[in-house]
Amino acid sequence: MGWKELDQTYLAHAYGRFDMEAASGQGAVCKDADGREYIDFTSGIGVNSLGWCDGDWAAAVGKQAATLQHMCNLYYTEPMAKLGKTLCERTGMKKVFLCNSGAEANEGIIKTARKYSFDHYGKGRHTILSLNNSFHGRTITTLSATGQDAFHQYFDPFTEGFRFIDANDLNGLKKAADETVCGILIELVQGEGGVVPLEPDFVDGIARICAEKDILLMVDEVQTGMGRTGKLLCCEHYGIQPDLLSLAKGLGGGLPIGAALMGGKCADTLRPGDHGTTFGGNPVVCAGANVVLEKLTGELLDEVAAKGDYITERLLKMPGVKSVEGRGLMLGITLDKGDSKKLAAQCLEYGLLILTAKAKLRMLPPLTISHAEIDRGLKLLNEVLSL
Ligand SMILES: *Cc1c(COP(=O)(O)O)cnc(C)c1O
């Protein structure tokens, strides 16, 4: 049996996979088991921020693996402390809890919001407002926080204490923000929901209400963070400073990591025993994340923004493209017609890896993708859209 058949036999059928076996990669070019090349407009799903097998990243990860691969969280390690310092300094947050995924980072900020409120107001002020069409993860609680009915099946009972409002409906939000609410959780660009950016006035309004009512502003930057939109945080585009922030996907450059970051209000909410994880803050993973942060310089972030503009301009000239949404290298392509899933499968046949989000094609290329790689990928996409 080949690996594909073994996978189908032994791996839980939780994913509908494309028919490709990835074998190796370099930059934004992936090779399959037969040595065929593909241009990567996915970076996993926004994970390989430096592309495949960046030399400095791989060296730091390899060196750390050969030095100290794990230590439990009862002791200090250098890569973890260094990552904490850099993350806080560069995001304006005060403390960070390191974990292993986006869902876990969101669990961390949800727990912190509830405990902050419990510490200051006692029991009962535990509601978290979230947005319709949001996505916050696959654990029972983060599914509960996800504002899409499709995710609220089969797994009852879900976690209580979440309520949903429409994006950009400030009046609805004002009504919903009653005395039971401890936090408002948002993605600034809804990723899985179809690459839908929030309106700046709505985000301003949320920040104002949060400040007035001592409700914690919780921003899920699992997908939008780590340079994806041309700033380290998408928050910078909106001029907001969250009380709680979650990061994951691009943070580790390809290794599993999540981060729940706390602002001044709730920097000391979590005390020993309140929260924990065995693997969180793993030194190998942190060594990789430290390289990612070193490489996300202002210059690189400006390039991300410029590449996004260039790609958008080119896309808008392609057949069947109605509009392009998103920012930087997080782009959703609205098509005149056609099934985005089928188009993505056709792109694969032509040698291009691309994602979908609902009815849109979605691009999350590595932040380091070269202009030559962009042009190669866009040429393939244009061919598929011209079929
Ligand atoms: C991917 C994603 C998550 C979940 O991250 P996992 O690492 O899959 O748990 C949460 N929020 C947003 C916005 C995401 O895009």
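Start at 1 and go down the list; that is how both ligands and their atoms are numbered.
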Q) At what distance, to the nearest 0.5 angstrom, does CZ of Arg114 lie from OG1 of Thr112? A)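 Arg114 atom CZ to Thr112 atom OG1 measures 11.5 Å (nearest 0.5 Å).
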
Q. What distance do His152 atom NE2 and Ser144 atom OG have between them, rounded to the nearest 0.5 Å?
A.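 If we round to the nearest 0.5 Å, His152:NE2 and Ser144:OG are 6.0 Å apart.
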
Counting from 1, what ligand 1 atoms have a heavy atom of [X] closer than 4.0 Å?
X: Gln223; value: 15 (O)
X: His136; value: 10 (C), 11 (N)
X: Lys249; value: 1 (C), 2 (C), 3 (C), 14 (C), 15 (O)
X: Glu187; value: 13 (C)
X: Ser101; value: 7 (O), 9 (O)
X: Asn106; value: 10 (C), 11 (N)

Q: Might you check, step by step, whether the distance between atom 6 (P) of ligand 1 and some protein heavy atom is under 4.0 Å?
A: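 At least one protein heavy atom is under 4.0 Å away.
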
Q.
Looking at non-hydrogen atoms alone, which of Leu185, Val47, Asp220, Thr139 comes nearest to atom 11 (N) of ligand 1?
A.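 That would be Asp220.
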
Q. Looking just at side-chain N and O atoms, do Asp243 and Tyr116 make a donor-acceptor pair shorter than 3.5 Å?
A.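 Result is no, nothing qualifies.
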
Q) Looking only at N/O atoms, are Ala103 and ligand 1 under 3.5 Å apart anywhere? A) yes

Q | ligand 1 N/O within reach of Gly102 N/O, cut-off under 3.5 Å | A | yes

**Q.** From Gln346, Met318, Arg314, residue fulfilling side-chain contact (heavy atoms from CB on, under 4.5 Å) relative to Leu381
**A.** Met318

Q | Candidate list Ile215, Leu216, Ile128, test side-chain contact (heavy atoms from CB on, under 4.5 Å), partner Cys182, passing option | A |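 Of the listed residues Ile215, Leu216, Ile128, the side-chain contact (heavy atoms from CB on, under 4.5 Å) partner of Cys182 is Ile128.
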
Q | Gln8 atom CD, neighbour heavy-atom count above 12 within 6.0 Å | A |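 Yes, enclosed.
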
**Q.** Arg376/Glu37 ion pair, N-O < 4.0 Å
**A.** yes

